[in-house]
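Indexing begins at 1, ligand by ligand and atom by atom, following the structure's order. Small disclaimer: the values here were computed from a predicted structure and weren't measured.
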Amino acid sequence: MTEEAPVSAPRRLLARVRDIMAGSGNAEERLNKIVQRIAHDMVAEVCSCYIMRAGEVLELFATQGLRQDAVHQTRLRVGEGLIGVIAAQGEPLVAADAQNHPGFVYRPETGEEIYHSMLGVPIRRDARVMGVLAVQNREARAFSDEEMETLETVAMVVAELIAGNRLVDPDELVQVEGNALLPLRLEGARLTGGLGIGRAVLHRPRVHVQKLVADDPDRERRRLRAAMGTMHRAIDAMLAQASEGEHSDILEAYAMFARDTGWVARIEEAIDTGLTAEAAVQRVHDDTRARMLSVNDPYIRERLHDLEDLTNRLLQHLAGREGTAAGTELPPDTVLVARSMGPAELLDYDQTSLRGVVLEEGGPNSHVAIVARALDIPVVGRARDAVARVESGDRLIVDGDNAQVFIRPGEDVLAEFTAAAESRAEQRAAYAALSHLPAVTLDGVRVNLMLNAGVLLDLGQLAPTGADGIGLYRTELGFMVRSSLPTVEEQAALYAKVLEQSGERPVVFRTLDIGGDKVLPYWDPTAEDNPAMGWRSMRITLDRPLILRHQFRALIRAAAGRALNIMLPMIAEVAEFDFARDLLDKELARERTRGTPPPRAARLGTMLEVPALTFHLEALLRRVDFVSVGSNDLFQFLYAADRANPRVAERYDPLGPTMLRFLHHVVTACRAAGVPVTLCGEMAGRPLDALALLGLGYRSLSMPGPAVGPVKAMVRHLDLTGLEDFVRTQLDSPARSVRPALKGYARDHGVPV
Ligand code: PEP
Ligand code: MG
């Protein structure tokens, strides 16, 4: 028989506090019993509990030893008095002679003048200070480390009592971040424009520890070890998946932290004081965080990030579930906050409640950004420490246009952004009202306004915008969100859905346009010095014709009797087009012999985005069924200015005479040859740029969904007769840009741009 280990004093107190928690009485009565029990067990004459109220005020809620009529009367601001200092610093404080401590303030109603020594600890939950728990003695005495740890452990239980029983309004608790009430503004990167206001939901919810006290430390150690084991395996798998590159060193540091033996030892020590494994993990987290926050070293701050994440993961493993908030009940105005997020994870959420997303990572071409754009949800990425700084339920403003996030904004900021959001909503409603009206100019010219799409979700914009069809379906996105090349069947199923959801409206499918900034996770491109001009897009598929043939095959099968429009990206010379045309013909013949119903019409067109092709337009126009100008790439090649390099991307203006002359040349040649021409780069979606394009002779534009309303409003106020002459005179302008002149024209003619 093994002899039972003696129960330590902290464990005994903890067990008694747990019994009180589980016992009868309302929350305040139980809190009273707890302070009495602490005073008794810790041999203190006084034990008091202060709770944080709105406005950073600590209110005395329960006391053993001080005058009872001081309860709910005595209030101290954060930073005021020793209690206020503990709350402000978020750290325990021992004062052998409290009244001679520089921070001491005397409150006569408490009758505390007779007590000399004090030990106080913050009551924390999720790193938030919710109050202070303090014991006092008459004689000037020292407190041991063990006593301090005991009180800290009991403070965790009290935190649960406060939060779980709503001793104060939860909205009051949410306001205190770290040590102070802080509205915050984070700068990040614009991933999707727009403005969203709502309540924070952590994508990976923090696990709130429910059971704090345990009877069997050995069992808790075993649980800890098991959870650590599964967590390490999950992290190793994550590491193995991560390709060499910018993230792997970050992940390595993270994995190292996870295996830090000091961390594990501290958790085990906390278990020995009588805590459950979960409570011990939380306890060590809170302590470590408080220490790390006081250090200014950016490396340490970064590790804090890891600590937050690892703690939560470990708690999830201990709870036996690793998951996101997607399955939980969401506030009607949810703003998701995450370190990173995959596109599928975003789609798991109920879209009607999403107002915005804040990420610590992510670039504009990340898949989650692409999906968010399709859903028209503002996203700010690279918002440093967002997860640690936000508590669920916090009010957030996601200002995608200006790449900033406001956390717990003050009333004035909130009012300003609410007004801006309302005026946007009114604008949207006005644009939505145009959806069933045609895009016709005042002088009766019909303009074709189409959508750019890349995921099925984008098609949801067809009806509300009243767009005439899909002018550019970027098929590469379907390749980018997978872990391997999609098969012909998988592609055909996707394209069939696109056609089905577009109904009678035409769709132009662009073949795979990868390389440059669009990377396939399973494709290992050799590093190139100049990827935008490298082995990308059509160059890859011409060198790997099977990929192209499979895509043609899938498109033919998907069309099955319907019209099929295929567009080739980055064609630089006529021979490239001929080569692809030959492949398409072969595939059409192959499918015919297999009995696949042929498309009603199979049209093959090209994008015009490599300037060289313009010098071979005549020959090209004899071969193609249509042309679509990709002004994004065309512009970067024409001006030799990388579109992804912020230092040069905006150096030149697409409304400069050079670009306009180029575009004029193209549209004139296409019209003369009777070849339909569209422009599908970003400029088509900017009303003033679109106005210039109409003046040049373009009658078909393809753009992102949110741009259709503003462009249609512009078209419906426009008289083309005068505009065409005006724009033509501008082609000879020596100015760097004709933008100011066009703006003046729009203003003088009452055209909203
Ligand atoms: C373009 O280059 O203008 C275009 C529409 O293609 P992407 O932006 O996909 O390169
Ligand atoms: Mg392009």
Side-chain angles (χ1 to χ4, degrees), residues 191-192 363-367 369-371 373-374 448-455 458 467 469-481 507-520 530-542 551 565-572 576-577 580 605-614 626-645 649-650 652-655 659-660 662-663 666-667 677-686 689-690 692-693 698 700-705 707-708 711:
L191 301 199
T192 312
N365 289 315
S366 61
H367 307 153
I370 291 163
V371 169
R373 222 167 285 146
N448 205 26
L449 299 186
M450 316 258 275
L451 283 185
N452 291 351
V455 283
D458 286 321
I470 305 293
L472 164 64
Y473 192 92
R474 293 177 161 111
T475 59
E476 58 274 9
L477 296 180
F479 285 68
M480 283 160 70
V481 295
V507 180
V508 179
F509 289 97
R510 180 175 73 183
T511 57
L512 194 56
D513 184 24
I514 49 163
D517 59 344
K518 297 168 193 155
V519 185
L520 299 184
N530 203 342
M533 296 206 241
W535 194 57
R536 58 172 284 206
S537 188
M538 210 58 209
R539 296 160 188 185
I540 296 180
T541 48
L542 290 173
Q551 195 169 22
N565 303 299
I566 304 178
M567 175 156 82
L568 306 169
M570 285 283 290
I571 292 283
E576 290 177 341
F577 182 84
T606 180
M607 290 195 75
L608 197 156
E609 37 189 1
V610 181
L613 195 56
T614 332
F626 59 89
V627 167
S628 192
V629 180
S631 55
N632 304 340
D633 275 314
L634 178 64
F635 183 67
Q636 76 165 342
F637 296 134
L638 197 58
Y639 284 84
D642 186 348
R643 68 193 250 195
N645 179 347
E650 291 185 6
Y652 307 101
D653 189 345
L655 296 188
M659 179 77 171
L660 294 187
F662 197 101
L663 294 173
V666 172
V667 72
V677 58
T678 298
L679 187 137
C680 65
E682 295 303 310
M683 65 185 293
R686 294 191 287 260
D689 299 30
L693 294 169
Y698 287 84
S700 180
L701 304 173
S702 192
M703 63 198 73
V708 176
V711 172

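Looking at atom 6 (O) of ligand 1, its nearest protein heavy atom turns out to be Arg510 NH1, 2.9 Å. Ranking protein heavy atoms by distance to atom 2 (O) of ligand 1, first place goes to Glu609 OE1, 2.9 Å.
A distance-only check finds no donor-acceptor pair linking the side chain of Arg539 to the backbone of Trp535 [under 3.5 Å]. In terms of modelled atom types and a separation under 3.5 Å, the side chain of Tyr698 and the main chain of Leu663 share a donor-acceptor contact. Listed for the Gln551 side chain is a donor-acceptor partner under 3.5 Å among the backbone atoms of Leu512.
Counting heavy atoms from C-beta on, the side chains of Asn448 and Thr678 never come closer than 4.5 Å. Between Leu655 and Leu660 the shortest side-chain heavy-atom distance falls below 4.5 Å.
For ligand 1, the atoms sitting less than 4.0 Å from at least one non-hydrogen atom of Gly681 are 3 (O), numbered in the order shown with element in parentheses. For ligand 1, the atoms lying closer than 4.0 Å to a non-hydrogen atom of Met607 are 4 (C), 5 (C). Per-residue contacts place Leu472 under 4.0 angstrom from the following atoms of ligand 1 (heavy atoms of the residue considered): 5 (C).
Between Glu476 and Arg510 there is a salt bridge, since at least one side-chain N of the basic residue sits less than 4.0 Å from a carboxylate O of the acidic one. Salt bridge absent: Asp458 and Arg474 never bring a charged side-chain N and a carboxylate O closer than 4.0 Å.
At a heavy-atom distance under 4.0 Å, no atom of Asn452 approaches ligand 1. Residue-level proximity to ligand 1 for Glu682 is absent, since no heavy atom of it falls below 4.0 angstrom.
Within Glu609, the N, O or S atom at minimum distance from the Mg ion (ligand 2) carries the name OE1. When distances from the Mg ion (ligand 2) to the N, O or S atoms of Asp633 are compared, OD2 comes out shortest.
Ser702 contributes atom OG, which lies 7.5 Å from atom CE of Met567 (distance to the nearest 0.5 angstrom).
For the pair Arg643 and ligand 1, the shortest N or O to N or O distance falls below 3.5 Å. Annotation: Asp633 places an N or O atom under 3.5 Å from an N or O atom of ligand 1; distance criterion only.
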